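Working notes, structure below.
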4 protein chains.
Amino acid sequence: MHPKEERIIAAAIEKFSKKGANSTTIQEVATAAGVGKGTIYRYFENKEGLISSLIEFGIDKVSKAIKEGLIGLDDPVEKLEAIIIAKLEFYNQHYDFGRFLMREIWGHKDKFEDHIQLIRDNHTVVLEETIEEGIVAGKFKEVNVETAAVSLMGMININALHWMMFNQEFPIEELKNDIIELFFDGVLEKS
Amino acid sequence: MHPKEERIIAAAIEKFSKKGANSTTIQEVATAAGVGKGTIYRYFENKEGLISSLIEFGIDKVSKAIKEGLIGLDDPVEKLEAIIIAKLEFYNQHYDFGRFLMREIWGHKDKFEDHIQLIRDNHTVVLEETIEEGIVAGKFKEVNVETAAVSLMGMININALHWMMFNQEFPIEELKNDIIELFFDGVLEKS
Amino acid sequence: MHPKEERIIAAAIEKFSKKGANSTTIQEVATAAGVGKGTIYRYFENKEGLISSLIEFGIDKVSKAIKEGLIGLDDPVEKLEAIIIAKLEFYNQHYDFGRFLMREIWGHKDKFEDHIQLIRDNHTVVLEETIEEGIVAGKFKEVNVETAAVSLMGMININALHWMMFNQEFPIEELKNDIIELFFDGVLEKS
Amino acid sequence: MHPKEERIIAAAIEKFSKKGANSTTIQEVATAAGVGKGTIYRYFENKEGLISSLIEFGIDKVSKAIKEGLIGLDDPVEKLEAIIIAKLEFYNQHYDFGRFLMREIWGHKDKFEDHIQLIRDNHTVVLEETIEEGIVAGKFKEVNVETAAVSLMGMININALHWMMFNQEFPIEELKNDIIELFFDGVLEKS
DNA sequence: TATGAATGAGAGTTCATTCAT
DNA sequence: TATGAATGAACTCTCATTCAT
């Protein structure tokens, strides 16, 4: 990636996340990136394209964090833990960007399907595979893998966002443990 | 609520949901509502205010559906089931509006906190109370109530959205059962 | 025609004729017309549409001048004289507008055919009919009517433009007589 | 002329004629010419200058065609015929370029006078001289030479353009004969 | 109370031109 | 000499908002 493209992406993340893509002008991004307005149009087709690129960039970033977290792990339980931590940490470190992603992913009618697919391919599938492994290994029940994966994703995402709204601190370790416990054991008291 | 206000709200939901609030002009809403452009400004301060009203309207709608579903129920387990069904049905019937809510809630910096608070007060709290009841009744484990409630909300929402993306059918009953099973029992195989 | 539309047309003729449509901004036209920029877009689809309207307006204006000049005339020779005078006078009074027309008619690919057709229907056909009448009356030779009409039009237009370039005065009467003589008698010395 | 300059001129004629100078970017011309954008600015001061050069190039081309057609001719009548044919053939072969010339000549305020003068010096004057010769030789009547020359030019140009608009075929020979007949003899039936 | 014509700030986008390489 | 990445002035067009009717 061209260094100027990188600077534009960084500046756009910074600005779009703070004020929303909609309320941010191309000029603001350009200024923040230290380039001319026209330069942005050399690297991105238009504003829409810039937004799309950011979304893809974000999805990719999370993907990579997840993959890194998984290195050297074999046990499905440990792997799920690693994924949860990776995602919580991402949201913890990139609160505004996370909010930007939440907002924009739902907003671009035509690219929408592409992005959802990208999330599926990059985020959901890892969870599905890991859960599948657990089932095969006899560690997990024979649950509906897809629903389980999506559910876990929902637990992680919404918890992360929720904590970021209502609390100053973001106790990753504790939150992870609670989610793990819930996802693994459920809420029912076993008699 | 004045009948004209109602027509404006209905028209705005219809239009904003289809194309996004941003890409919809006040004129379009006015035309769809069968009123003059100026009339909208009689009932709503400005476009932002209209969007806010829609969000509040949506949150309220879900709230009411939940409350209705809870009528006559006492058992925490049954109550959670009822909530899950109420929310799944809402998303099933109002796909576009759901997407609109997902998008716009994250987008309005100043009103943002208000809306999140509203969701908390109207949606999360019911879950928390119900889970709390279950714990008190000795049916649920002593989990972190807040995390459990938010997790369940995440499971429901993201599953609903996920199904709407990737599938034609939306098997509410089955999905509800899977979520219930997961939330109550977890994925771990009990030896 | 709405009075505001008229003011915009007048202002656009004024501005476009002076500087060329291309070098004139919509803002300039708006200011000259004493209306807001947006108002222009209420009456004309876009700048292109405004230019087209002006062209049509111009063609129509000449048409009307010709028709007025023909009132009460029967003799083909007199009618041709009247047409020549009407056109020369139009160019004499609207030099800049004439130049604008000359320029813009050739310039708008898609509307081009429409405008040429309009000129044909409004300007050329009158000449053709009159020449035809003269032939039928036995006053004119059996020339190719179309070529004769177009030729006369060329003589008038280019002479008018030529005089406007290189001379201060525009001796309509004399020019008309010269054109009439040429068109009626040709240049050859009859032995 | 440097070969690169020639390629730029050829490319510019090609592009400007098709889409209009205004709607053609320097980049398009550069690409079509197979040179870099900057190179154009080595040979032409700016876009305006390039357009001017093309106009001059076009006027010159017609001039040369006329001069070639006149080689070996002495009789004024034959000479006029040759000029008519040369111009008709030019328009026939370079329809788009002809349209470009018609359009751009009227459009550049400052250079405008220069170009008109150039046309006068290169095109009109030949006609004037030839007509003058004819008068001196007693073959033509003592018409106003300037008006006669300009008239003939108008007849040729507008007929050429007219035919190109409304007909597929362009019968040069026939058109030439009609114009010659008109210009020499006029339309009046001699008793 | 209801309207929609009028407005103009403001945004995205283009592209002629420059200049470091 | 030739290039094309970078620039930013300038343009068209949109649309939320106002206000006279």
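Quick caveat: nothing in here was measured; it's all calculated off a predicted structure. Order of the sequence lines fixes the chain letters, A, B, ..., with proteins taken first and strands second; residue numbering starts at 1 for each chain.
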Pairing residues for C:Phe90 by the ring pair (Phe, Tyr, Trp, His ring centres under 6.0 Å) criterion, not counting sequence neighbours: C:His94

Not counting sequence neighbours, which residues clear side chain to side chain contact (heavy atoms under 4.5 Å, CB included) with A:Asn22? List them please. A:Arg103, B:Asn22

5' precedence on DNA chain E between B:Lys37 and D:Tyr41 (nearest-nucleotide basis): B:Lys37

Applying side chain to side chain donor-acceptor pair (under 3.5 Å), name anything that partners C:Lys19, two or more places apart in sequence or on another chain. C:Glu28

Not counting sequence neighbours, list each pair that qualifies as a side-chain hydrogen bond (donor to acceptor under 3.5 Å, both in side chains) and has a residue in residues 35-45 of chain C. C:His2-C:Tyr43

Any pair counted as salt bridge (Lys or Arg N to Asp or Glu O under 4.0 Å), so long as it reaches residues 8-17 of chain A, sequence neighbours left out: none

Under the side chain to side chain contact (heavy atoms under 4.5 Å, CB included) rule, collect the residues that match up with A:Phe100, sequence neighbours excluded. A:Phe16, A:Ser17, A:Ala21, A:Ile51, A:Leu54, A:Ile55, A:Phe97, A:Glu104

D:Lys64: side chain to side chain donor-acceptor pair (under 3.5 Å) partners, not counting sequence neighbours: D:Asp60

For DNA chain E, which residues of residues 20-34 of chain A approach it to below 4.0 angstrom with any heavy atom? A:Thr24, A:Thr25, A:Ile26

Side chain to side chain contact (heavy atoms under 4.5 Å, CB included) involving C:Glu6 - partner list, sequence neighbours excluded: C:Met1

For DNA chain E, consecutive-pair runs of 3 or more (Watson-Crick or G-U wobble, both H-bond-type distances under 3.5 Å) give E:2-21 with F:2-21

Leading and trailing nucleotides of DNA chain E with any atom under 4.0 Å from heavy atoms of chain D: E:dC15 to E:dT18

Name all residues meeting the side chain to side chain donor-acceptor pair (under 3.5 Å) criterion together with D:Gln27; count only those two or more places apart in sequence or in a different chain, and write none if there are none. D:Thr31

